[in-house]
Amino acid sequence: MRFQHHEQLINAILHGMLTKRCRNIRPAEICRQAKISRTTFYAHYGEVNFIEQYELKLKQNFCARLPKVKVKKEVIFRILLRFVREQFDYFEATMPNANFWLLKMIFIDLYPTLKSKDGNLKSYDLYMSRQIMLIFCWVQYDKCAIEKLKTYVHKMTIEPMMHWEI
């Protein structure tokens, strides 16, 4: 119970620092704000790259929401956009710095589901980039407006993945 409380506290502070576009986030600063020891911090984030670990936890959170059965792309994109909306502060903070790492990792995980029959990895990279840019627009310009969710899901769904010979 206490371990879970500390993890939630650390994640909230880390999330807040990312939201404020802090650079060079250091464990000492998180420990100071959370009023915890470094030992406690490292019990949650054992490795040095704790921001990457935080992002991996976000990715796991998203993957846990995916249905275990095959569903239409529209359902996947709706789940993805709702996840982005729930994590709006994180995406609003990281996207202006062209940090699309989390979205790229999510789309890599979605490759078996979203790939076309005749598509190749280069085609999927282009497709993935287009989808990420749509999400970027929704976050940056529409502030993840719920009334625009259906429009963005539709935009993401209608564009087929082309077979590119590059």
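One is the number of the first residue; the rest follow in order along the sequence.
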Keeping Q87 on the side-chain end and L58 on the backbone end, is there a donor-acceptor pair under 3.5 Å? no

Just one of I79, L80, L81, I158 clears the side chain to side chain contact (heavy atoms under 4.5 Å, CB included) bar with V153, so which one? L81

Please name the pair of heavy atoms, one in I106 and one in K59, separated by the smallest distance, quoted to 0.1 Å. CG1-CG, 4.1 Å

If you compare all heavy atoms of S37 against all heavy atoms of C31, which two are closest, and at what distance to 0.1 Å? O-SG, 3.8 Å

pair M95-I135: side-chain heavy atoms closer than 4.5 Å: yes

Close side-chain approach of T94 and F100, heavy atoms under 4.5 Å: no

Compare all side-chain heavy atoms of I108 with those of M105 and state whether any distance is below 4.5 angstrom. yes

Just so I know, are the side chains of L126 and R130 near enough to count as touching, which here means a heavy-atom distance under 4.5 Å? no

Distance check, rounded to the nearest 0.5 Å: L110 atom CG versus M128 atom CE? 10.5 Å

Out of curiosity, K148 NZ to D142 CG, how far, rounded to the nearest 0.5 Å? 4.0 Å

Please give me the minimum heavy-atom distance between K115 and P112, naming the atom from each residue. CG-O, 4.0 Å

Does atom CZ (R65) have a neighbourhood of more than 12 heavy atoms from anything else shown, all under 6.0 Å? yes

Take the angle between the ring planes of W138 and Y152 and call it parallel below 30°, perpendicular above 60°, tilted in between. tilted

Which of parallel (below 30°), tilted (30 to 60°) and perpendicular (above 60°) describes F77 and Y127? tilted

Is it true that R78 and E74 have a side-chain N and a carboxylate O under 4.0 angstrom from each other? yes

Identify the two heavy atoms, one from L102 and one from F91, that lie closest to each other, and give their separation to 0.1 Å. CD2-CZ, 3.7 Å

Rounded to the nearest 0.5 angstrom, the OH-CZ distance for Y141 and F136 is 5.0 Å

Spacing of K73 atom NZ and L114 atom CG [to the nearest 0.5 Å]: 6.0 Å

Whether over 12 other heavy atoms sit under 6.0 Å from K150 NZ: no

Value rounded to 0.5 Å, distance of CG in L103 from CH2 in W101: 11.0 Å

Is any side-chain heavy atom of Y124 closer than 4.5 Å to one of F107? yes

By ring pair (Phe, Tyr, Trp, His ring centres under 6.0 Å) - contacts of F62 (at least two apart): F83

Is it the case that atom NZ in K143 sees more than 12 heavy atoms from other parts of the structure closer than 6.0 Å? yes

Can you tell if the side chain of I76 reaches within under 4.5 Å of the side chain of T113, non-hydrogen atoms only? yes

Inter-residue atom distance L149.CG - C144.SG, 0.5 Å rounding: 9.0 Å

